[in-house]
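The next block holds one structure in the form of structure tokens; read it before the comments.
What you are looking at is a predicted structure, and each value in this text was computed from that prediction instead of being measured. Below, each value reflects all heavy atoms present in this structure, side chains not excepted, and no hydrogens, waters or symmetry copies. Chain naming here is simple, since letters A, B, ... match the order of the sequence lines and numbering starts at 1 in each.
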Amino acid sequence: MDIYDSVIELAKRRGFLWNSFEIYGGTAGFYDYGPLGAMLKRRIENIWRDIYVINEGYYEIEVPTIGIEDVFVASGHVGGFSDPLTECVKCHESFRADHLVEDFASNPDTLTPDELSVIIKENNIKCPDCGGELGGVYEFNLMFSTSIGPGSKRIGYLRPETAQGMFVNFPRLLRFYREKLPFGVTQIGKAYRNEISPRQGIIRLREFTQAEAEIFVDPRDKSHPRFDSIRDYALILYSDPAQSSGQAQLEMSLGEAVEQGIIAHQFLAYALAMTQQFLVRVGVSPERLRFRQHMKDEMAHYAIDCWDAEILSDRFGWVEIVGIADRTDYDLKAHSRVSKTDLSVYVEYDEPRVVEKVVVKPDMGKIGPAFKGKAKAVMDALKSMDVKNGFDSKSNQMISIQVDGEQVDIPPDMYEIQQVTETIHGENIVPHVIEPSFGIDRIIYAVLEHAFREEEVQGEDEVHGEDVVKGEDEVQGKDKVKVEDEVQSKDKVKSEDEGRIVLGLKSEVAPVQAAVLPLLTREELIGPAREMESALKKKGVMAAYDDSGTIGRRYRRNDEIGTPYSITVDYDTLEDGTVTIRDRDSMKQVRSPIDTIADTIHDLIYGYTRFEDAGTPIV
RNA sequence: GCGCCGAUAGUGUAGUGGUUAUCACCGUGGCUUGCCAAGCCAUGAACUCGGGUUCGAAUCCCGAUCGGCGCACCA
């Protein structure tokens, strides 16, 4: 069993992750989060909110998961998110039909499946693998489609990413942020892709959770106002040049990376820093985390620069869990074009610009009566005339213009040429978008795998009397196993090391935050334990009471689900009012007063207190 | 989607034509238990689904589903 198997087995057994629809045989690409998994996910999402929504100030919105066709026509998903496929009748291999006809058509991307089928037939294109006959071309779109309303007149698609919902709200958001760049908006929600073959557990799902931020910035100024705060922050970068020249990834400060032009600009670098901070905070191991730059040919055509946060997994190697891209103005321009809506921002100049202009000023008192219905068109044509400086403003020329395809002559008395001085305060620009996009499910897998460990624990020395008397030489080295067998045969003895499975989750994300355990199943201990449980819950701490089995068993049970602290009530509690807090990772224990236990545990979980300061150590 | 391999209690497994379907962990109730998976008693729980071959199928064959690996795909 490798670590992947162990993690998935544990996740399944203890209620983190279950294959969906299991009683009906399951369906690939769908996973359920069980009680502990859902709690873990929620905590991770809330940390993301803490960073992006609360601290960065990028408010969260929530939009439908079903989108109308126009949205995805504009985004390019209807056209570009699908592939025309054809299958070999003989060997059943699938091919991209548009690739196969490249030599026979100039515009393969724009052809319909039927047109592609015809080209394949006419040119007698065969299977590149075995030379067999190719079947009809069909469209495979990675979007799930549905219909909106009765009948099936209106097509709807399950969104393949949450981003579009934020782009289409741009005018409202712009107003909300009082029309000033930069501003950002976030969304956490489900997205859907009808993957051809989902694999690798929750690494590739058909329904998954994305946490995305869209940060709208001025394309001419991608410096970040708080860049100084992360300038010296170092992370592991694996740049495009390093990849193409076979060099290794290397650790570098963000200030350096931007100065050397490795990262395109400050905003992107800042997004990388935020990402690293988030991932490490939720429990991704920094040693197994890197940022890999997209190579030129792998980057979406509209992006300027793109970096993936990748984690090292035991089985799959480096796996992308976050994508950070500068999407430029591609999306806003596309939506602007399709929706016929202005999606630009008026940006004021630092200094108003004074511009000298020569303009034609129509005399509407005369043009109106003369041209009647056409008057407005004539006026617009005159105003938009390109008046060169050389134009003699004094001359009494007849101006000839085109109005609605007709030649119209304007006599000199109907206009005036004027030299004007205009003060321009700003201009309309379409912002660029910086987008960090987090795959929450993959992050959860990374957190589980990086937290998972199996360790040897020194068994308690319960050996007494004659059992201890073993020859030193015998106990050492390889004979140990044999000796253990002998020892095991005696009663109540286990002196050998044993395995312990620990989910070393960060206390902030652990589903169960504190286990409340009466040392023995006795009324006088159960009472105070129950009281402590409700005190913790009142404080918002997820506490789980457990009195089943021995204390050791209960510790191990909690180790396995990542409970960071276990609190035990014993007979001393009844006398001196203290309880034992046991730390999951070190297995160390301290005695702490029961009446302040909720605060103590809360502060331990959120890092306001160190374990050593939570009470008096027990040796 | 293609190819190869696999599927037995909650988990990991044994069994390969006729078994009350093995074992361990696990869960539950009880006894016991004074801080790291102790012990005892009781108890719970499985042959992925559909078809076929056969007197008889968990076992053999075919298909589906799911899972793993490789290929393809991954805006």
Side-chain angles (χ1 to χ4, degrees), chain A residues 1-2 4-6 8-15 18-30 34 72 75-83 85-88 90-96 99 109 128-130 135 138 140-143 160-161 163 193-201 203-204 298-303 315-316 320 323 330 457-462 488 491-495 498-501 517-522 525 547-560 566-573 579-584 587-589 591 618:
Chain A
M1 238 204 219
D2 66 3
Y4 174 82
D5 282 331
S6 305
I8 292 298
E9 188 267 310
L10 171 64
K12 194 197 282 184
R13 188 160 44 83
R14 299 309 304 270
W18 296 322
N19 212 308
S20 298
F21 319 117
E22 216 175 359
I23 64 165
Y24 288 105
T27 301
F30 296 96
F72 299 113
S75 70
H77 286 99
V78 169
F81 208 55
S82 66
D83 300 320
L85 296 180
T86 179
E87 197 180 303
C88 172
K90 208 166 120 201
C91 71
H92 299 289
E93 192 63 60
S94 293
F95 302 95
R96 290 276 297 270
H99 291 179
D109 311 347
D129 275 12
C130 72
Y138 59 95
F140 187 85
N141 193 298
L142 256 25
M143 282 194 294
E161 60 177 15
R193 294 178 193 181
N194 200 1
E195 296 284 352
I196 298 171
S197 74
R199 288 271 179 89
Q200 308 165 334
I203 303 280
R204 192 191 255 178
E298 134 187 49
M299 202 155 37
H301 61 278
Y302 49 79
R315 182 185 286 192
F316 308 117
E320 174 199 349
Y330 175 84
V457 179
Q458 183 64 55
E460 273 302 290
D461 236 354
E462 287 177 23
Q488 290 286 19
D491 60 327
K492 294 194 73 171
V493 167
K494 85 187 149 63
S495 61
E498 56 192 21
R500 169 172 97 122
I501 293 176
L517 318 168
L519 184 62
L520 301 168
T521 320
R522 290 190 188 144
L525 300 183
D547 64 9
S548 162
T550 61
I551 191 69
R553 176 192 297 273
R554 284 176 275 163
Y555 284 154
R556 294 300 163 85
R557 229 185 248 152
N558 278 289
D559 287 343
E560 214 178 45
S566 296
I567 314 160
T568 307
V569 175
D570 58 18
Y571 281 99
D572 290 343
T573 310
V579 290
T580 303
I581 307 175
R582 180 256 195 189
D583 176 60
R584 176 197 63 206
M587 305 204 296
K588 290 197 174 125
Q589 302 183 327
R591 291 297 289 196
I618 302 174

* **Sugar-phosphate, base or nothing in reach of Arg591(A), heavy atoms under 4.0 Å** => base
* Asked: If the C1' atom of C23(B) is compared with that of A14(B), how far apart are they to the nearest Å?
  -> 7 Å
* **Sugar-phosphate, base or nothing in reach of Phe30(A), heavy atoms under 4.0 Å** => nothing
* Structure fact -> Picking from A38(B), G68(B), U33(B), the nucleotide nearest the side-chain atoms of Arg315(A) would be G68(B)
* When you check the side-chain N and O atoms of Arg591(A) and Thr580(A), is any donor under 3.5 Å from an acceptor? -> yes
* **Nearest-0.5 Å distance that lies between atom CD in Glu560(A) and atom CG in Leu10(A)** => 5.0 Å
* Ser566(A) near the nucleic acid: base, sugar-phosphate alone, or nothing, with a heavy-atom cut-off under 4.0 Å? -> nothing
* To do: Would you indicate what Glu195(A) reaches in the nucleic acid, counting non-hydrogen atoms under 4.0 angstrom: base, sugar-phosphate, or nothing?
  => nothing
* Asked: Any donor-acceptor pair under 3.5 Å joining the side chain of Ser75(A) to the base of A75(B)?
  -> no
* Identified side-chain contact (heavy atoms from CB on, under 4.5 Å) counterpart of Arg193(A) within the set Met143(A), Glu161(A), Arg204(A), His77(A) -> Glu161(A)
* To do: Please report, rounded to the nearest Å, how far the P atom of C25(B) is from the CG atom of Leu10(A).
  => 19 Å
* Counter-base of G12(B), judged by Watson-Crick or G-U geometry with both distances under 3.5 Å -> C23(B)
* Structure fact -> Against the side chain of Ile196(A), the closest entry in U33(B), C73(B), C66(B) is C73(B)
* The side chain of Glu9(A) lies closest to which of these nucleotides: G27(B), G12(B), C74(B)? -> G12(B)
* To do: Measure distances between side-chain N and O atoms of Tyr555(A) and base N and O atoms of C35(B), and say whether any donor-acceptor pair falls under 3.5 Å.
  => yes
* When you measure from the side chain of Ile551(A), which nucleotide among C66(B), C35(B), C73(B) comes out closest? -> C35(B)
* To do: Scan Asp559(A) against the nucleic acid and name what it touches under 4.0 Å (heavy atoms): base, sugar-phosphate only, or nothing.
  => nothing
* Asked: Can you tell me how far C1' of C69(B) sits from CG of Asp2(A), to the nearest Å?
  -> 12 Å
* To do: Quote, to the nearest angstrom, the C1' distance that separates C26(B) from U13(B).
  => 14 Å
* **d(CZ, Arg13(A); P, A9(B)) in whole Å** => 15 Å
* Counting just side-chain N and O atoms, does Tyr4(A) come under 4.0 Å of either OP1 or OP2 of G68(B)? -> yes
* **Given A75(B), C35(B), C66(B), the nucleotide with the shortest approach to the side chain of His77(A)** => A75(B)
* Mind checking side-chain contact (heavy atoms from CB on, under 4.5 Å) for Asn194(A) and listing every partner two or more places apart, or none if nothing turns up? => Phe144(A), Arg206(A)
* Does the base of C35(B) carry an N or O that pairs as donor and acceptor with the side chain of Thr580(A) under 3.5 Å? -> yes
* Ile551(A): partners by side-chain contact (heavy atoms from CB on, under 4.5 Å), with sequence neighbours left out -> Leu517(A), Leu519(A), Arg554(A), Tyr555(A), Thr568(A)
* **Atom-to-atom span, CD1 of Ile501(A) to C1' of C36(B) - whole angstrom** => 15 Å
* Structure fact -> Heavy-atom nearest nucleotide on RNA chain B taken for Gln200(A) and for Asp572(A); more 5' hit belongs to Asp572(A)
* To do: Using the P atoms only, state how far C41(B) lies from A7(B), rounded to an integer number of Å.
  => 34 Å
* In whole angstrom, what separates Asp547(A)'s CG from C31(B)'s P? -> 12 Å
* Asked: Picking from U33(B), G68(B), A75(B), which would you name as closest to the side chain of Thr550(A)?
  -> U33(B)
* **Integer angstrom distance from the P of U48(B) to that of G44(B)** => 22 Å
* To do: Return the 5'-most residue of the pair Gly201(A), Lys12(A) with respect to RNA chain B, ranking by each residue's nearest nucleotide.
  => Lys12(A)
* For Phe72(A), report the nucleic acid contact type (base, sugar-phosphate, nothing); a contact means any heavy atom under 4.0 Å. => nothing
* **Side chain of Met587(A) (C-beta onward), nearest among C36(B), C35(B), U33(B)** => C36(B)
* Asked: Is any side-chain N of the basic residue among Asp583(A) and Lys588(A) closer than 4.0 Å to the acidic one's carboxylate O?
  -> no
* Asked: Would you call Glu9(A) and Arg13(A) a salt bridge, taking side-chain N to carboxylate O under 4.0 Å as the test?
  -> yes
* Structure fact -> Regarding the side chain of Tyr571(A), the nearest nucleotide among C36(B), G34(B), G67(B) is G34(B)
* Using purine N1 to pyrimidine N3 plus N6-O4 or O6-N4 for Watson-Crick, or N1-O2 and O6-N3 for G-U wobble, both under 3.5 Å, which nucleotide pairs with C40(B)? -> G30(B)
* Asked: Hey, what's the ring geometry for Phe316(A) with Tyr4(A), parallel, tilted or perpendicular (30° and 60° as the breaks)?
  -> perpendicular
* To do: Ignoring the backbone of Thr27(A), work out which of C35(B), C66(B), A75(B) is nearest its side chain.
  => C66(B)
* Looking for any heavy atom pair under 4.0 Å, which part of the strands does Glu320(A) touch: base, sugar-phosphate only, or nothing? -> nothing
* Pairing partner of G6(B) (Watson-Crick or G-U wobble, both distances under 3.5 Å) -> C66(B)
* To do: Determine the Euclidean distance between corresponding C1' atoms of A9(B) and A58(B); express it in Å to zero decimal places.
  => 14 Å
* To do: Please state the P separation for the pair G68(B) and U32(B) - nearest whole angstrom.
  => 48 Å
* Who is the Watson-Crick or G-U wobble partner of C71(B), with both distances under 3.5 Å? -> G1(B)
* Tell me whether U22(B) sits syn or anti, counting syn as a glycosidic angle within 90° of 0. => anti
* Starting at atom CD of Glu560(A), determine the distance to atom P of C25(B), rounded to an integer number of angstrom. => 15 Å
* Asked: Between A9(B) atom P and Glu22(A) atom CD, what is the distance in whole Å?
  -> 10 Å
* To do: Provide the distance between the two P atoms, one in U8(B) and one in A46(B), to the nearest whole Å.
  => 14 Å
* What about Arg554(A), does its side chain sit under 3.5 Å from the base of C36(B) through a donor-acceptor pair? -> no
* When you compare U53(B) with C61(B), how far apart are their C1' atoms, in angstrom units rounded to a whole number? -> 7 Å
* **U59(B) - base-pair partner by Watson-Crick or wobble geometry, distances under 3.5 Å** => none
* To do: Spell out yes or no: do the side chain of Arg199(A) and the base of G70(B) have one donor N/O and one acceptor N/O closer than 3.5 Å?
  => yes
* To do: Could you tell me the separation between the CZ atom of Arg557(A) and the C1' atom of A37(B), rounded to a whole number of Å?
  => 9 Å
* So does Asp5(A) pair up with Lys12(A), basic N to acidic O under 4.0 Å? -> no
* Assign Arg582(A) to base, sugar-phosphate, or nothing according to its heavy-atom contacts below 4.0 angstrom with the strands shown. => base
